[in-house]
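Per chain, numbering begins at 1; letters A, B, ... match sequence-line order.
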There are 2 protein chains.
Amino acid sequence: MPKLDRTDLRLLAVLQGEGRITNAELAERVSLSSSACLRRLQRLETDGVITGYAAQVEPQAVGLGLQAFVRVQLARHEAGAIERFVEKVEGWEEVVACHALTGDMDYLLHVYVADLPHFSRFLLDRLLNDAGVADANSSFVLRTVKRSPSLPLGHLEG
Amino acid sequence: MPKLDRTDLRLLAVLQGEGRITNAELAERVSLSSSACLRRLQRLETDGVITGYAAQVEPQAVGLGLQAFVRVQLARHEAGAIERFVEKVEGWEEVVACHALTGDMDYLLHVYVADLPHFSRFLLDRLLNDAGVADANSSFVLRTVKRSPSLPLGHLEG
DNA sequence: GACAGCGCGCAATATCCTTGCGAAGAGAGC
DNA sequence: GCTCTCTTCGCAAGGATATTGCGCGCTGTC
């Protein structure tokens, strides 16, 4: 874990909210010259603190009207079965996140689909078909209260 | 929902993966002149298809070693109680996402913390203290199998 | 007090963004 | 079939930005 000073944290905070800001304005925000700012930014990238940049797309605007969280139980838990499941998950573009969790269920999937028929195809044709899934329990998103692209950084402030 | 042609979809796909790409290279990727590319990009932004850009930060690199999903049940379900809960959630930076879901529990929270003591403070001092929460059920992330910043776009391809 | 290491700002060049302009193509109405 | 309109394109120019080399100043060590 590379050490980050207050300026680095301000850079990260700004970039988590405005990832496409110009280096010149970023430098002004954190009270640095543009060259010093660029060098810090490049260091954060090469050190792996910043892993990339992404445009945030409005789901409704691209016809993704339905989100679901699916809790999954695998039928078998040998390394091979898990690896096969992971590879399938990585290939399904509807799944934007998949975590192995403590608790009753093995995995939690976050899924974006156009509508219920689309979800039905995903569930029946993909998830429950030849992926080694014993049980799947779906919950649909009624309302998104918060969706922040920014990780918390407050715990690092000196 | 604004209509998006194939070029728009390619723009979105590229920008979801490389949000800080220069307009010149973006134009080359989608076989457009830089001016035409920029005008499409600005239209996607003003139409609300692209809502912003964000740097992706590696959680481990900023000392966030623990992720949890917390399922929450509210004590009361009047509009006022819900609004108060939502406002609290928006103020907690540890919570990067909060969704109201179908099923047994009212809300699902995605939480990033440094460690178990940090999570304990979050749970006891914030979530279970004066936020109107009747019950909370936590699951910790053992392994992140997939975390994609990109929404699926395949369903729109002609 | 001298020295090394680090991070900074300045300045110059190369690259990129941004806007105005005219042309080509698609679709509507007659 | 013709024309008119609307949209989107590429080109070009000027202004802004990114990127690099260089020298200075600060800090900690010996």
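Residue-to-nucleotide contacts include a donor-acceptor pair under 3.5 Å from the side chain of A:S35 to the base of C:dC10.
For DNA chain D, the residues of residues 10-24 of chain A within the heavy-atom distance limit of 4.0 Å (strictly under) are A:T22, A:N23, A:A24, sorted by number. A heavy atom closer than 4.0 Å to some atom of DNA chain D occurs in B:R39, B:R40, these being the qualifying members of residues 37-55 of chain B.
Here B:H99 and A:F69 bring their ring centres to under 6.0 angstrom of each other.
Protein atom CD of B:E28 is 13 Å distant from nucleotide atom C1' of C:dC16, rounded to whole Å. Counting to the nearest Å, the P atom of D:dT7 and the CG atom of B:D8 are 15 Å from each other.
Taking B:S150 as the reference, B:Q16, B:S148 meet the side-chain contact (heavy atoms from CB on, under 4.5 Å) condition, with sequence neighbours excluded.
When only modelled atom types and interatomic distance are considered, A:E94 and B:H155 share no side-chain donor-acceptor pair under 3.5 Å.
A donor-acceptor pair is defined here as one N or O able to donate and one able to accept, closer than 3.5 Å; no such pair exists between the side chain of B:D8 and the backbone of B:L4. A:D47 contributes no side-chain N or O that, together with a main-chain N or O of A:V49, makes up a donor-acceptor pair within less than 3.5 Å. Although no hydrogens or angles enter the test, the distance criterion places no donor-acceptor pair under 3.5 Å between the side chain of A:R10 and the main chain of A:S31.
Surrounding CD of A:E90 are more than 12 heavy atoms belonging to other residues, nucleotides or ligands, all under 6.0 Å away.
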